[in-house]
Amino acid sequence: MLFRSTDNHEKAIKKLDKSNIIIIAGNPGIGKTTLAENLSLYYMAQDFKLYDIDNINDAFSVFNKEEKPFVVA
């Protein structure tokens, strides 16, 4: 499978690089999960460590200043 970067992908990267956080929201079927998965892969390729969490307490428990975390909730 090939990946073609979209405007939303590029906008999300710019926002993440600037503010370190984004919220992906919208109607069903518009590609929220696909965008989140592609962003995860992009940042893992940049040496970030992926954490998939269920609640904010999990985010605090995995935080490590020595790592570059990428957290998906």
Side-chain angles (χ1 to χ4, degrees):
M1 178 183 287
L2 296 174
F3 170 72
R4 182 180 177 282
S5 181
T6 64
D7 288 341
N8 286 335
H9 181 83
E10 297 299 323
K11 288 177 187 176
I13 289 173
K14 286 179 184 177
K15 287 184 182 205
L16 280 167
D17 288 345
K18 182 178 179 182
S19 67
N20 297 321
I21 190 168
I22 62 169
I23 297 173
I24 302 172
N27 293 328
I30 64 167
K32 297 179 300 291
T33 300
T34 300
L35 177 58
E37 289 171 348
N38 286 322
L39 291 171
S40 298
L41 292 171
Y42 173 84
Y43 281 99
M44 287 179 358
Q46 308 297 318
D47 293 325
F48 282 73
K49 184 170 180 179
L50 177 68
Y51 292 98
D52 186 359
I53 63 166
D54 291 321
N55 62 61
I56 193 65
N57 292 327
D58 291 343
F60 290 120
S61 69
V62 300
F63 182 73
N64 179 345
K65 290 183 180 182
E66 304 300 316
E67 296 177 335
K68 297 189 314 186
F70 187 83
V71 179
V72 177

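In this text, all values refer to a predicted model and were calculated from it rather than measured experimentally.
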> Tell me the salt bridge (charged side-chain N to carboxylate O under 4.0 Å, His left out) pairs involving residues 41-50, sequence neighbours left out?
Replying inline: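 Output for this query lists K49-E67.
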> What pairs of residues pass the ring pair (Phe, Tyr, Trp, His ring centres under 6.0 Å) test when at least one of them lies in residues 4-38, not counting sequence neighbours?
Replying inline: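 Every pair satisfying ring pair (Phe, Tyr, Trp, His ring centres under 6.0 Å) with a residue in residues 4-38: F3-H9.
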>> Going by the rule side-chain hydrogen bond (donor to acceptor under 3.5 Å, both in side chains), which residues pair with E10 if we only count those two or more places apart in sequence or in a different chain?
In response: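 E10: side-chain hydrogen bond (donor to acceptor under 3.5 Å, both in side chains) contacts with S5.
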> What pairs with Y43 under ring-ring contact (aromatic ring centres under 6.0 Å, His included), at least two apart in sequence or on another chain?
Replying inline: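 ring-ring contact (aromatic ring centres under 6.0 Å, His included) check on Y43 returns F48, F70.
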> Taking a hydrophobic cluster as the set of Ile, Leu, Val, Met, Phe, Trp and Tyr residues connected by side-chain heavy atoms closer than 4.5 Å, whether directly or through intermediates, do I30 and I22 fall within one such cluster?
Replying inline: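 No, no single cluster joins them.
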Acceptor/donor pairs from residues 31-42 side chains to any protein atom, 3.5 angstrom cut, sequence neighbours excluded:
{"from": "K32", "atom 1": "NZ", "to": "G26", "atom 2": "O", "distance (Å)": "3.2"}
{"from": "K32", "atom 1": "NZ", "to": "N27", "atom 2": "O", "distance (Å)": "2.9"}
{"from": "N38", "atom 1": "ND2", "to": "T34", "atom 2": "O", "distance (Å)": "3.1"}
{"from": "S40", "atom 1": "OG", "to": "A36", "atom 2": "O", "distance (Å)": "2.8"}

> When you look at CG of D7, are more than 12 heavy atoms from neighbouring residues, nucleotides or ligands closer to it than 6.0 Å?
Replying inline: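 Atom CG in D7 is not packed in, count stays at 12 or less.
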